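This report refers to the structure that appears directly beneath it.
This is a predicted model, so every value here is computed, not measured. Throughout, numbering of the chain's residues begins at 1 and tracks the sequence.
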Amino acid sequence: MKHFSYERVSSPMEAAKAFERTPGARYLAGGTNLIDLMKLDIEAPQHLVDINRVGLDAIEHTSDGGLRIGALARNSDVATDERVRRDYPVLARALVSGASGQLRNRATVGGNLLQRTRCVYFYSGDLPCNKRQPGSGCAALEGISRGLAVIGGSEACIATHPSDMAVALRALDAVVETILPDGSKRALPIAELHVLPGQTPHIETVLAPGELITAIVLPKPIGGAHRYLKLRDRASYAFANVSIALIAHFDGPRLGSLRVAFGGLAPKPWRVEAAESGISSASDAANQIVDVALSGAHPTKQNEFKLSLARRALSALLMEERHRFDDNT
């Protein structure tokens with residue numbers, strides 16, 4: 001491990017200022033991703049700004065009936081919070097499906113949004129990876145790509161974003177609050193936080209240097225059925241081949257509204273709102289959504305199975321919820 005300096009701060013503004021005055025700084029919260037990357041020499045920050053004592057761990061109601069989750073709230077605390085379980089069950093289920101209980105006890109929601117890809121070539125220091133070393137190439141394009149992106153990638157990178165939580169937040173239209181070193185604040189729709197790789201896959205978000213996530217804001221509760229389905233190669237310590245965050249509201253026998261976000265398919269949580277409009281039949285919804293949302297897909301031979309898997313999984317979820325609605329009416 002390379003040498004680095006360490007600083008503990010006590011407020012968000014102090015953290016942002018510490019980051020600004022020290023080149024090569026990184027924020028340290030739960031450390032469940034950063035520390036591993038430092039051990040592997042993938043990340044080599046010159047300075048760590050420990051933000052664990054700045055507060056930002058509360059879960060509070062907002063004035064418009066939503067919920068503000070501090071960026072340092074632990075994943076396990078959010079997943080078990082009574083308000084989250086009651087009003088945003090898709091988020092609770094997504095959080096529980098990620099990592100292990102021990103990791104969820106330490107990991108923070110802010111860090112969850114910023115975790116880096118689990119592409120094997122990103123973690124392999126002796127193979128080219130544009131995300132790890134810009135301009136070196138992408139070994140995945142001609143290599144093992146089974147778990148990688150089928151849409152949203154580029155000739156420079158086909159890595160996927162690993163977060164389960166971010167997929168649920170995309171379905172909920174959450175907002176990410178931040179503070180910058182100059183004291184200004186931003187409120188970013190979750191849809192705008194992550195960026196597609198293009199020719200600069202090492203740039204993963206729109207955050208400016210030193211910009212600190214302070215909270216995630218959920219809108220007022222969205223009614224209907226909340227489901228999160230994660231399909232993976234084994235039951236634990238595995239990332240999604242396909243995951244689906246579903247919020248469906250039935251108006252009698254027909255679909256009144258529908259929100260669908262996918263994980264495991266793209267370099268960011270994947271939701272195309274245009275695919276959700278004009279759908280009233282649960283039996284037709286899966287085909288219509290997948291046809292539109294994944295219309296630009298460019299799978300490899302190894303991961304083209306994800307397209308049919310996403311279609312079948314979404315169809316099964318919708319049929320289950322339709323039958324459950326019928327049974328309760």
For F19, the ring pair (Phe, Tyr, Trp, His ring centres under 6.0 Å) test, sequence neighbours excluded, returns Y27

One should read off an interatomic distance between L180 CG and L212 CG, to the nearest 0.5 angstrom, of 9.5 Å

Residues at least two apart in sequence or cross-chain that pass side-chain contact (heavy atoms from CB on, under 4.5 Å) with R21, listed by chain then number, are E7, K17, A18

In short, A73 meets I69 closest at the heavy-atom pair CB-CG2, 3.9 Å

A94 and S97 have their tightest heavy-atom pair at O-OG, 2.8 Å

Exercise for review: Report yes if some heavy atom in the side chain of L91 is under 4.5 Å from a heavy atom in the side chain of L172; otherwise report no.
Suggested key: yes

- [ ] Tell me whether L72 is reachable from L113 by hopping between hydrophobic residues (I, L, V, M, F, W, Y) whose side-chain heavy atoms are closer than 4.5 Å.
- [x] no

Checklist entry - Does Q115 reach the side chain of T32, with side-chain heavy atoms less than 4.5 Å apart? => result no

Donor-acceptor pair, T160 side chain versus P162 backbone, under 3.5 Å? no

Value for CD1 (I222) from CG (D87), rounded to nearest 0.5 Å, stands at 10.5 Å

Note: V9 and A15 closest approach over all heavy atoms is CG2-CB, 3.6 Å

key: Residue pair R116 / N33, side-chain heavy-atom distance below 4.5 Å   = yes

Apply side-chain contact (heavy atoms from CB on, under 4.5 Å) to residues T62 and L67 and explain how you reach the verdict.
CA-CA 5 Å; T62 61; L67 208 61; 5.7 Å; no

From the list R104, K230, R170, salt bridge (Lys or Arg N to Asp or Glu O under 4.0 Å) with D164 holds only for K230

Only one of T214, I213, L56 passes side chain to side chain contact (heavy atoms under 4.5 Å, CB included) with I179, and that residue is T214

Assess the residue pair S280 and R254 against the criterion (side-chain hydrogen bond (donor to acceptor under 3.5 Å, both in side chains)); give the C-alpha distance rounded to whole Å, side-chain angles, the decisive distance to 0.1 Å, and a yes or no.
CA-CA 5 Å; S280 59; R254 303 174 71 82; 2.5 Å; yes

key: Donor-acceptor pair between Y228 and S243 side chains, under 3.5 angstrom   = yes

Are V120 and F122 connected in a single hydrophobic cluster, I mean Ile/Leu/Val/Met/Phe/Trp/Tyr linked by side-chain heavy atoms less than 4.5 Å apart? no

Original post:
Do E43 and R26 have side chains that get closer than 4.5 Å, going by heavy atoms?
Top reply: yes

Any donor-acceptor N/O pair, T108 side chain to R74 backbone, under 3.5 Å
no

> P45 versus F4: any side-chain heavy-atom pair under 4.5 Å?
Replying inline: no

When every non-hydrogen atom of N112 is compared with those of A166, the smallest separation belongs to OD1-N, 4.4 Å

Dump the intermediate steps for side-chain hydrogen bond (donor to acceptor under 3.5 Å, both in side chains) on N287 and R311, then the final yes or no.
CA-CA 6 Å; N287 285 332; R311 191 182 301 271; 3.0 Å; yes

(Q) Are F305 and W270 connected into the same hydrophobic cluster when the rule is that any two of I, L, V, M, F, W, Y join if their side-chain heavy atoms are below 4.5 Å apart? (A) yes

| said: When you compare the side chains of H47 and S5, does any donor N or O come within less than 3.5 Å of an acceptor on the partner? | reply: yes

message = Run the salt bridge (Lys or Arg N to Asp or Glu O under 4.0 Å) test on R227 and E321 for me, step by step, so that the C-alpha distance in whole Å, both residues' side-chain angles and the decisive distance to 0.1 Å come before the verdict.
response = CA-CA 9 Å; R227 295 289 299 275; E321 290 308 322; 2.7 Å; yes

Hey, are the side chains of Y123 and L37 touching, using non-hydrogen atoms and a 4.5 Å cut-off? yes

To the nearest 0.5 Å, atom CG of L307 lies from atom CG of L265 at 7.5 Å

Scanning both residues in full, the closest heavy-atom pair of H161 with P267 reads CB-O, 3.3 Å

Q. Between E192 and K268, does a salt bridge (Lys or Arg N to Asp or Glu O under 4.0 Å) hold up when you go through it step by step?
A. CA-CA 10 Å; E192 299 176 10; K268 60 185 289 186; over 6 Å; no

So OG of S281 and CD of Q288: to nearest 0.5 Å the spacing works out to 7.5 Å

Next on the checklist: Could you go through T22 and Q46, starting from their C-alpha distance and side-chain angles, then the distance that decides it, and tell me whether this counts as side-chain contact (heavy atoms from CB on, under 4.5 Å)?
Outcome noted: CA-CA 8 Å; T22 311; Q46 299 177 35; 5.8 Å; no

Worksheet item: With hydrophobic residues grouped by side-chain heavy-atom distances under 4.5 Å, do V217 and Y88 end up in a single group?
Response: no

### Message
Taking atom CD1 as the centre, does I144 end up with more than 12 heavy-atom neighbours from other residues, nucleotides or ligands that are less than 6.0 angstrom away?
### Response
no

**Prompt:** Would you say R234's side chain and S236's backbone share a donor-acceptor pair under 3.5 angstrom?
**Reply:** yes

Partner of C138 under side chain to side chain contact (heavy atoms under 4.5 Å, CB included), picked from L127, N130, L148, is N130

Value for OG (S10) from CD1 (I51), rounded to nearest 0.5 Å, stands at 12.5 Å

Could you tell me whether a side-chain N or O of S124 sits under 3.5 Å from a main-chain N or O of D126, the two making a donor and an acceptor? no

Requested in this report: Show the numbers, then the answer: is there a side-chain hydrogen bond (donor to acceptor under 3.5 Å, both in side chains) between S100 and Y237?
Outcome: CA-CA 7 Å; S100 65; Y237 280 93; 3.2 Å; yes

Sorted by chain and residue number, the salt bridge (charged side-chain N to carboxylate O under 4.0 Å, His left out) partners of K131 (sequence neighbours excluded) come out as E204

*Kindly indicate, with the supporting measurements, whether the criterion side-chain contact (heavy atoms from CB on, under 4.5 Å) is fulfilled by F250 and R322.*
CA-CA 8 Å; F250 285 89; R322 169 63 191 278; 3.8 Å; yes

task = Could you go through the side-chain contact (heavy atoms from CB on, under 4.5 Å) check for L218 and L169 one step at a time?
result = CA-CA 8 Å; L218 305 179; L169 293 178; 3.6 Å; yes

**Prompt:** Will you find, in the side chains of E211 and T178, an N or O donor that is under 3.5 Å from an N or O acceptor?
**Reply:** yes

Subject >> Any donor-acceptor N/O pair, Q302 side chain to G143 backbone, under 3.5 Å >> reply: yes

* To do: Would you kindly confirm whether V175 and V90 end up in one hydrophobic cluster when ILVMFWY residues are joined by side chain heavy atoms under 4.5 Å apart?
  => no

Surrounding CD of Q199 (heavy atoms of other residues, nucleotides or ligands, distance under 6.0 Å), is the total greater than 12?
yes

Is the shortest side-chain heavy-atom distance between L318 and L246 below 4.5 Å? yes

task: Report yes if some heavy atom in the side chain of R259 is under 4.5 Å from a heavy atom in the side chain of D173; otherwise report no.
output: yes

Any donor-acceptor pair under 3.5 Å linking the side chain of R132 with the backbone of Y121? yes

Heavy-atom nearest pair, S295 first then D291, reads CB-O, 3.1 Å

For R86, is there any backbone N or O sitting under 3.5 Å from a side-chain donor or acceptor partner on R83? no

So CZ of R68 and CD1 of I216: to nearest 0.5 Å the spacing works out to 11.5 Å

